[in-house]
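What follows is a single structure, written as structure tokens, with notes after it.
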Amino acid sequence: QVQLVESGGGLVQPGGSLRLSCAASGRAESSYFMGWFRQVPGREREFVAASHWRSGGTYYAYYADSVKGRFTISGASAKNTMYLQMNNLKPEDTAVYYCAARLGGTSTNWYEYNYWGPGAQVTVSS
């Protein structure tokens with residue numbers, strides 16, 4: 001079992017920045033595929049970014065087209081923590097953001113992830 005907890009959400013004006021954190025605890029594995037997803041009421045959970053996280057600290061990052069160039073995924077393996085730096089935020093980025101993990105290869109499909117955090121609200125509004 002892996003436990004994930006997000007933090008760092010909040011209210012920000014358009015054009016502003018936020019950094020989300022995802023703290024992982026529990027069973028340790030040498031390799032997880034980690035991802036960020038977001039969801040608004042009435043819509044399907046949407047892929048945001050993901051990375052292949054190895055204990056050596058090497059990352060291969062993937063991004064949705066809607067956030068490419070504005071969001072950056074990173075991690076600190078020694079701290080078992082993953083981050084999502086969000087810059088130039090837009091009102092359409094408003095959603096609950098979820099951290100997720102899976103044992104296996106690359107995936108941008110939410111239903112292929114095994115572990116989820118409770119979510120963090122991000123609201124972009126003036």
Side-chain angles (χ1 to χ4, degrees):
Q1 283 286 351
V2 174
Q3 292 79 43
L4 304 171
V5 179
E6 304 92 344
S7 61
L11 172 65
V12 64
Q13 292 186 344
S17 299
L18 280 176
R19 189 177 78 158
L20 299 179
S21 300
C22 173
S25 61
R27 178 182 175 186
E29 296 289 345
S30 61
S31 174
Y32 287 109
F33 195 80
M34 304 290 292
W36 288 96
F37 293 80
R38 64 188 182 187
Q39 190 170 24
V40 298
R43 295 179 61 180
E44 188 174 355
R45 196 162 292 190
E46 175 189 26
F47 169 74
V48 175
S51 68
H52 186 70
W53 179 19
R54 288 193 175 273
S55 57
T58 301
Y59 301 96
Y60 298 91
Y62 307 84
Y63 298 95
D65 289 342
S66 59
V67 306
K68 201 171 293 183
R70 300 188 297 123
F71 289 13
T72 303
I73 188 172
S74 64
S77 59
K79 297 182 178 180
N80 285 347
T81 303
M82 178 176 68
Y83 305 99
L84 183 68
Q85 177 67 43
M86 305 183 292
N87 298 328
N88 190 21
L89 282 160
K90 304 176 181 180
E92 52 264 41
D93 294 319
T94 296
V96 176
Y97 283 71
Y98 297 92
C99 168
R102 67 186 301 266
L103 294 174
T106 306
S107 175
T108 61
N109 299 314
W110 64 265
Y111 49 83
E112 293 184 326
Y113 282 72
N114 308 104
Y115 307 104
W116 292 87
Q121 177 69 48
V122 171
T123 303
V124 185
S125 175
S126 55

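As a basis for the values below, the full set of heavy atoms in this structure was taken, side chains included, without hydrogen atoms, waters or symmetry mates.
Heavy atoms only, all atoms of each residue included: L89 and M86 are closest at CD2-CB, 3.8 Å. Considering all non-hydrogen atoms of both residues, Y62 and F47 come closest at O-CZ, 3.7 Å. Counting all heavy atoms, side chain and backbone alike, L4 lies closest to A101 at CD1-N, 3.8 Å. The minimum heavy-atom distance between Q39 and A95, with the atom names listed, is O-CB, 3.5 Å. Minimum interatomic distance between E6 and C99 (heavy atoms only, all atoms of both residues): OE2-N, 2.8 Å. Closest non-hydrogen pair, A23 versus T81, comes out as CA-OG1, 4.4 Å.
The same ILVMFWY cluster, assembled from side-chain heavy atoms under 4.5 Å apart, contains both I73 and Y115. Following chains of ILVMFWY side-chain contacts shorter than 4.5 Å, one can reach V96 starting from W116, so the two form part of one hydrophobic cluster. One hydrophobic cluster, built from ILVMFWY side chains closer than 4.5 Å, holds both L103 and M34.
Separation of atoms CG (L11) and CD (Q121) is listed at 9.5 Å; rounding is to 0.5 Å. Taking CD of Q85 as the start and CZ of R19 as the end, the distance is 7.0 Å to the nearest 0.5 Å. In this structure, CG on L20 lies 12.5 Å from OH on Y98, to the nearest 0.5 angstrom.
The closest donor-acceptor contact from the side chain of E46 to the backbone of R38 lies at 3.5 Å or more, if one exists at all. Remark: the backbone N or O of Q13 is not paired with any side-chain donor or acceptor of S126 at under 3.5 angstrom.
By the 4.5 Å heavy-atom criterion applied to side chains, V124 and K90 are not counted as neighbours. No side-chain heavy atom of E112 sits less than 4.5 Å from a side-chain heavy atom of F33. Looking only at side-chain heavy atoms (C-beta outward), Y63 and T108 stay at 4.5 Å or farther from each other. Within the 4.5 Å cutoff, no side-chain heavy atoms of S17 are placed close to those of V12.
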Q: Given side-chain contact (heavy atoms from CB on, under 4.5 Å), test S25 with N80 step by step and report yes or no.
A: CA-CA 7 Å; S25 61; N80 285 347; over 6 Å; no
Item checked: Residues W110, E44; criterion side chain to side chain donor-acceptor pair (under 3.5 Å); working and verdict -> CA-CA 9 Å; W110 64 265; E44 188 174 355; 2.9 Å; yes
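Not counting sequence neighbours, the partners of R70 by the salt bridge (Lys or Arg N to Asp or Glu O under 4.0 Å) test are D93.
Ring to ring, F37 and Y113 are close: their centroids are under 6.0 angstrom apart.
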